[in-house]
Amino acid sequence: MEPFPSPLESAKFIASRSKDVFVDEEGARRVAESLFDKAAAAEFGLAGWKSLHELNPQAASREAVDWVFLVDTLNFSFWSEREEQRYLVKYKGKTYSGYWSLCAAVNRALDEGIPITSASYFATMTLDQVRHVFRSDTEVPIPLIEERHWVLNESGTVLLEKFGGSFLTCVKMSEKSAQKLLRLVLENFPSYRDEAVFESKKVSFYKRAQILVADTWSVLEGKGDGFFDDISSLTIFADYRIPQVLVHLKAMMYSEELMKKLCEGTIFQSGDREEVEIRGCSIWCCSLICRHLLQLYERKGQDMRGKINAVLLDYHLWDYARDHREEMKDVPFHRVRCIYY
């Protein structure tokens, strides 16, 4: 199999040739400065993954790793055509939207005795069973239900045939390397191969594959099988929220022409030049923010290399996007319907 292109190298290549999206080095530095105090807090670290998000598994177990695998296999396309019509899931008295509606639906199914995180179950699920598990509490169904069905069947079959039915086997095979685990995921699970061609060169983003590695690290608290000494080699997970935050924070800019298309609600195809530029520049911009943040701490005589990385920055920016929805309305997010994010 040909080698998988590195998302960071891809991002650097895209940012250097981008025509409609621009990374603002000064803006990236300002964002790093604004994060300086926050980055040392516990919420910015690994602990925040469990303490700030009640739907995430609280244990560090095989079951929790299998939960993470299932959720990240389906971690794509939650945006709504219209703000007032959204896919929502009620769970334990609360209503969840977006990615959290997926997590709530999974937990609801487990509470109902449906073994949704078990590969032997989701490898053979019917479309009707998928519809039932991910049913909506509004008139709006979860997007891309047929795609979710085949991705579940395909991934479950691979887990059963190659990894004894559990993603933890895959994690153990990675020998404490985030890059090795990433490669195992890409080699064995086709739906995770998030790639494009930009100026005749194959580029990659691997949003779901990298977030699967990162969430595995988080659920296992960076210990035991989840201790990855190269976790900092991952990039942020280029979706539709992170670019929106970066433009809102003025670390990234869009051309007038692109902004016009976004304001008009243009739906791009996966692999369109504008979409590739938005995602690639987001990865590159966040790598600069991380670099500036580490330099700021170095100047204060603190080595924060173990505590600051793109994974934790992504978690922080993604939460920021959710908590500042209203202020961020000045920047529309880009719309793409695909299984990659």
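Everything quoted here is computed from the prediction, not taken from an experiment. In what follows, residues are counted from 1 in the order of the sequence shown.
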_For E277, is there an ion pair with K19 - N to carboxylate O distance below 4.0 angstrom?_
no
*Give the intermediate values and the outcome of side-chain hydrogen bond (donor to acceptor under 3.5 Å, both in side chains) for residues S101 and Y91.*
CA-CA 9 Å; S101 58; Y91 178 66; over 6 Å; no
*Is the shortest side-chain N to carboxylate O distance from K223 to E221 below 4.0 Å?*
yes
_Working note: F205 + I14, criterion side chain to side chain contact (heavy atoms under 4.5 Å, CB included); need CA distance, chi angles, decisive distance, verdict._
CA-CA 11 Å; F205 309 101; I14 294 164; 3.9 Å; yes
*Once you round to the nearest 0.5 Å, how far does CG of L102 lie from CG of L70?*
7.0 Å
*Within 45° of the ring axis of F76 and under 6.0 Å from its six-membered ring centre, is that where the NZ or CZ of R148 lies?*
yes
*Audit row: F189, F69, ring-ring contact (aromatic ring centres under 6.0 Å, His included) steps and yes/no*: CA-CA 11 Å; F189 300 95; F69 177 81; 5.2 Å; yes
*Do you reckon V185 sits in the same ILVMFWY cluster as W150, going by side-chain contacts under 4.5 Å, direct or chained?*
yes
*How close do A104 and V89 get, heavy atom to heavy atom, and via which atoms?*
CB-CG1, 3.8 Å
_Does the plane of the ring in H334 sit parallel, tilted or perpendicular to the ring in Y341? Use 30° and 60° as the thresholds._
tilted
*Please step through ring-ring contact (aromatic ring centres under 6.0 Å, His included) for the pair H53 and Y96, ending with a clear verdict.*
CA-CA 12 Å; H53 303 299; Y96 296 93; over 10 Å; no
_Please verify the inter-ring angle class for F333 with Y240; under 30° counts as parallel, over 60° as perpendicular, anything in between as tilted._
tilted
*Go through the steps for W318 and F237 under the test ring-ring contact (aromatic ring centres under 6.0 Å, His included), then give the verdict.*
CA-CA 10 Å; W318 199 83; F237 322 122; over 10 Å; no
*Per the side-chain hydrogen bond (donor to acceptor under 3.5 Å, both in side chains) rule, which among N75, D239, T235, D314 passes with K207?*
N75
*Worked check of side chain to side chain contact (heavy atoms under 4.5 Å, CB included) between I289 and L313*: CA-CA 9 Å; I289 293 171; L313 175 63; 3.9 Å; yes
